[in-house]
Amino acid sequence: MPVSYKNKFVNYLPFVLLWLFVSMVMLLIYFDVSVSVGPQLVGTFLGTTLSLPLSWYAATKMVPRYLYQKKIRRFIWRLSYLTIINVLLVYLISATVYYSLTGKPVIRPLFVMLMIIFLQLFVNLIFISISCGVKIIADRYGLEERLHESEKEKITTELNFLRSQINPHFLFNILNTIYFQIDKSNLQARSSVEKFSEMLRYQLYDCNTDKIEIKKEIDYIESYVAMQSQRLETGTDIQLHTTDGLEGFAIAPFMILTLVENAFKHISHFKNAAENKIHIDIQKKEQLLIVKATNTYDKSEKVEHLLQSGGLGIQNLKRRLELLYPNKADLSVHNTNIIFESILNLQLS
């Protein structure tokens with residue numbers, strides 16, 4: 001048996017055994033000696049099986065949506081009426097099937113109906129409680145694992161940075177020397193050195209924290225776009241749009257830059273410069289940061305890796321988002337004809 005299937009079998013085995021145990025207990029509680037065992041097995045196992053979807057929904061959908069958002073009252077209220085509805089539906093379906101097999105009426109004496117409904121309610125509560133408990137424990141364990149991996153990654157990054165670090169003061173002195181060696185009439189070259197100096201200062205000094213002010217990140221993006229635009233042919237369609245409201249919050253450094261870098265790296269090189277496009281759009285809607293990077297690409301070049309996964313930069317960004325913004329970020333890539341588009345939706349709250 002392959003390892004993956006073996007692991008799945010081991011993970012689901014306790015739930016299967018619990019389902020069998022509860023089903024057998026239910027069968028023993030309201031076993032009818034006047035009816036053969038077969039129909040009773042069908043009715044009992046059908047009733048317990050139909051109780052499972054609600055427990056799955058409660059664990060996978062309602063726990064993250066309500067409990068993790070501290071909406072406990074809404075969780076209890078919604079789960080209560082869903083459970084009542086589910087119990088009644090399960091009873092009607094099971095009783096109908098049981099009637100077709102044994103001729104026993106769907107509407108039983110009140111005491112018998114209440115007993116069956118309360119037992120079915122008890123089964124639902126068991127399955128829901130265990131499923132939600134397992135979900136919470138698994139998510140807590142997963143969160144601790146991600147935090148541990150994030151800490152290890154941070155330490156590794158810091159070590160790599162220290163190994164390759166150049167004395168920043170020496171580097172800035174060199175840049176100042178180059179700046180003054182450039183002829184005063186060459187304003188574009190001087191401007192490039194100034195922008196590069198600002199970008200370097202941002203990387204060396206401002207990005208030593210877990211989060212950076214969005215305004216500083218946007219300023220860095222603007223400098224990066226200005227620098228990269230100079231190496232492209234005149235007439236290339238380069239646009240950077242930002243909206244009002246991009247202030248008062250912080251994000252992890254270089255989250256946006258990865259998308260911008262990817263667009264410049266894979267831009268097309270058509271003979272008509274105006275056909276080569278890079279459009280960057282950064283906006284904030286309520287508590288959602290939306291970054292869209294669009295670029296043209298050349299089908300004649302080897303871009304299979306880009307089209308399949310967005311490239312190495314996008315893959316690394318996805319990994320960072322999983323570690324730093326679990327369940328709060330969505331990164332998608334799309335391509336149509338000669339247009340490649342990457343979209344990042346980041347929940348800020």
Calculate, to the nearest 0.5 Å, the distance between atoms [atom1] and [atom2] belonging to [X] and [Y] respectively.
| X | Y | atom1 | atom2 | answer |
| --- | --- | --- | --- | --- |
| Tyr66 | Ile72 | OH | CD1 | 14.0 Å |
| Ile93 | Asn86 | CD1 | CG | 8.5 Å |
| Leu89 | Ser94 | CG | OG | 10.5 Å |

Excluding sequence neighbours, so at least two apart, what forms ring-ring contact (aromatic ring centres under 6.0 Å, His included) with [X]?
| X | result |
| --- | --- |
| Phe45 | Trp19 |
| Trp77 | Tyr81 |
| Tyr141 | none |

With sequence neighbours excluded, tell me which residues meet side-chain hydrogen bond (donor to acceptor under 3.5 Å, both in side chains) with Ser51.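 Applying side-chain hydrogen bond (donor to acceptor under 3.5 Å, both in side chains) to Ser51 gives Gln120, Asn124.
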
Among all residues two or more places apart in sequence or in another chain, which pass the side-chain contact (heavy atoms from CB on, under 4.5 Å) test with [X]?
| X | result |
| --- | --- |
| Ala250 | Lys211 |
| Lys271 | none |
| Asp244 | none |

Polar side chain donor-acceptor pair, His334 to Thr336, under 3.5 angstrom: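 No pair is found: no donor N or O on one side chain lies under 3.5 Å from an acceptor on the other.
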
Give a yes or no on whether the backbone of Ile128 and the side-chain of Ser131 come within a donor-acceptor separation of less than 3.5 Å.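 Pair absent, no side-chain N/O of Ser131 close to backbone of Ile128.
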
Salt bridge (charged side-chain N to carboxylate O under 4.0 Å, His left out) partners of [X], counting only residues at least two apart:
| X | answer |
| --- | --- |
| Asp281 | none |
| Lys277 | none |
| Lys215 | Asp219 |
| Glu149 | Arg319 |

Can you list every salt bridge (charged side-chain N to carboxylate O under 4.0 Å, His left out) pair that touches residues 123-142, not counting sequence neighbours?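 Every salt bridge (charged side-chain N to carboxylate O under 4.0 Å, His left out) pair that includes a residue of residues 123-142, provided the two are not neighbours, is Lys135-Asp139, Arg140-Glu144.
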
